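A short worksheet on the structure shown next.
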Amino acid sequence: MAREAYSGHLDLLLLSALSTEARHGWGVIEHVRQMSGGRFDYPEGTIYPALHRLEEEGLLRSKWSNFEGRRRRVYELTRSGDRALHGRKQEWQEFARGIAAVIERA
Amino acid sequence: MKEDFLAELARLLRGTRRHRERLIAELAAHIEDAVSAEEIAHTPPYDAERRVLDRLGGAEAIARRWNADRRALRGRRHRRLAALAVSIAGAGALGITQYAAGKPQPPPRQPPARTTPDRETCPKQPLRSTGPCVSSSPAAKSTTRAG
């Protein structure tokens with residue numbers, strides 16, 4: 001699947017990656033890469049503007065932390081972010097069911 | 001290479017200094033972590049940094065996305081402020097209108113009940129007196145004496 005197909009769902013991927021634990025940017029990218037089996041191959045630098053935007057929208061919070069002896073900006077979901085994640089997951093699942101229903105008849 | 005990339009990015013980014021410096025610090029940390037991961041996988045250091053920078057996407061692409069998000073955020077803030085200003089002005093105008101329409105009229109001023117002699121009709125009555133006005137006319141004086 002082309003990279004662009006994943007780009008529209010970047011927010012959902014980022015929120016999902018932070019749903020189980022707080023992570024810094026590199027950790028988020030590694031988590032998504034591993035969980036997607038390498039399918040997600042997005043320009044890594046562009047996730048940082050997305051993380052900042054989600055924080056400005058109140059879905060994430062972040063702070064500088066000492067991570068294995070290095071100073072890293074660590075992100076976590078807010079309560080609003082958790083609600084947004086559940087909403088977008090449901091939308092995605094509905095979307096996927098709709099697509100599957102159509103293509104199965106093809 | 002890393003320093004050139006970060007310098008180019010710093011040149012292209014817009015927004016407040018605090019936000020720009022934070023983004024650059026995060027990307028510097030990202031490069032450090034990604035290069036460490038490459039070196040653990042036995043990639044030579046020069047190649048490791050080159051690969052990591054390639055995967056980052058160019059400074060232009062990152063700056064373009066960042067600047068677009070900043071513009072959208074500023075636009076939303078301006079619209080929220082404008083909506084707030086309009087509702088405050090509207091509430092103020094409504095309040096003034098309601099006040100003017102429903103403002104109670106003051107009652108007509110009643111002259112106070114006279115308990116002391118009025119100086120105009122009883123010029124000679126001392127102010128402390130609370131009795132009836134004693135006229136200084138000769139007719140009033142003769143009536144008083146006869147009784």
Side-chain angles (χ1 to χ4, degrees), chain A residues 2-4 6-11 13-15 17-18 21-34 36 38-76 80 84, chain B residues 1-2 4-6 8-10 12-41 48-78 80:
Chain A
R3 173 190 294 180
E4 293 74 24
Y6 289 102
S7 65
H9 307 293
L10 178 60
D11 287 2
L13 293 171
L14 297 180
L15 294 173
L18 292 165
E21 64 181 82
R23 300 177 201 273
H24 50 58
W26 169 249
V28 168
I29 289 166
E30 279 297 287
H31 177 84
V32 171
R33 197 191 331 264
Q34 283 171 21
S36 69
R39 291 182 186 86
F40 184 74
D41 184 20
Y42 202 74
E44 294 174 5
T46 53
I47 75 145
Y48 289 93
L51 288 170
H52 284 228
R53 176 174 45 74
L54 291 171
E55 188 174 11
E56 297 277 0
E57 291 172 0
L59 304 186
L60 301 179
R61 70 171 75 88
S62 70
K63 61 180 180 181
W64 288 108
S65 289
N66 192 328
F67 198 85
E68 294 173 0
R70 293 173 169 177
R71 188 171 173 259
R72 296 291 178 264
R73 191 83 184 186
V74 176
Y75 293 83
E76 60 180 359
S80 299
Chain B
M1 280 189 291
K2 168 184 165 183
D4 292 340
F5 169 83
L6 294 174
E8 176 67 2
L9 186 63
L12 294 170
L13 291 176
R14 299 289 174 263
T16 65
R17 183 175 168 178
R18 183 171 64 91
H19 285 114
R20 285 182 283 127
E21 286 180 351
R22 181 184 136 186
L23 178 68
I24 290 169
E26 286 185 81
L27 281 164
H30 176 103
I31 292 168
E32 199 177 312
D33 290 338
V35 166
S36 295
E38 285 285 340
E39 288 174 347
I40 286 170
E49 194 169 286
R50 170 53 52 202
R51 280 193 197 182
V52 166
L53 291 176
D54 285 345
R55 285 205 310 264
L56 268 183
E60 266 191 40
I62 297 170
R64 196 179 316 122
R65 175 57 57 91
W66 168 265
N67 293 340
D69 285 349
R70 293 287 112 189
R71 274 195 302 274
L73 180 66
R74 270 201 309 278
R76 279 199 299 274
R77 280 190 183 144
H78 288 157
R80 273 203 295 267

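Computation of the quantities below employed the complete heavy-atom set of this structure, encompassing side-chain atoms and omitting hydrogens, waters and symmetry-equivalent molecules. Reminder, nothing fancy here: chain letters follow the sequence lines and each chain counts from 1. Please read all numbers here as calculations on a predicted model, not as lab measurements.
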Apply side chain to side chain contact (heavy atoms under 4.5 Å, CB included) to Asp69(B) and His52(A), showing your working.
-> CA-CA 9 Å; Asp69(B) 285 349; His52(A) 284 228; over 6 Å; no
Pair Arg76(B) + Glu56(A): basic N to acidic O under 4.0 Å | no
Evaluate side chain to side chain contact (heavy atoms under 4.5 Å, CB included) for Asp33(B) paired with Arg70(A), printing each intermediate quantity in order.
-> CA-CA 9 Å; Asp33(B) 290 338; Arg70(A) 293 173 169 177; 2.8 Å; yes
Using non-hydrogen atoms and a 4.5 Å limit, figure out which bit of Ile47(A) sits close to chain B: side chain, backbone, both or neither.
-> neither
Assess whether atom CZ of Arg73(A) is packed by more than 12 heavy atoms of other residues, nucleotides or ligands within 6.0 Å.
-> yes
Chain A heavy atoms under 4.5 Å from Leu73(B): which part of the residue, side chain, backbone, both or neither?
-> side chain
Winner by heavy-atom pair count (cut-off under 4.5 Å) against chain B, out of Arg71(A), Glu57(A), Arg53(A) | Arg53(A)
Result block: side-chain N/O donor-acceptor pairs under 3.5 angstrom for residues 50-64 of chain B, not counting sequence neighbours:
| residue | atom | partner | partner atom | Å |
| --- | --- | --- | --- | --- |
| Arg51(B) | NH1 | Glu38(B) | OE1 | 3.4 |
| Arg55(B) | NE | Glu44(A) | OE2 | 2.8 |
| Arg55(B) | NH1 | Glu38(B) | OE2 | 2.9 |

CH2 of Trp64(A) to CZ of Arg22(B): how many Å apart, nearest 0.5 Å?
-> 7.5 Å
Just how far is it from atom CH2 of Trp26(A) to atom CD of Glu26(B), taken to the nearest 0.5 Å?
-> 15.0 Å
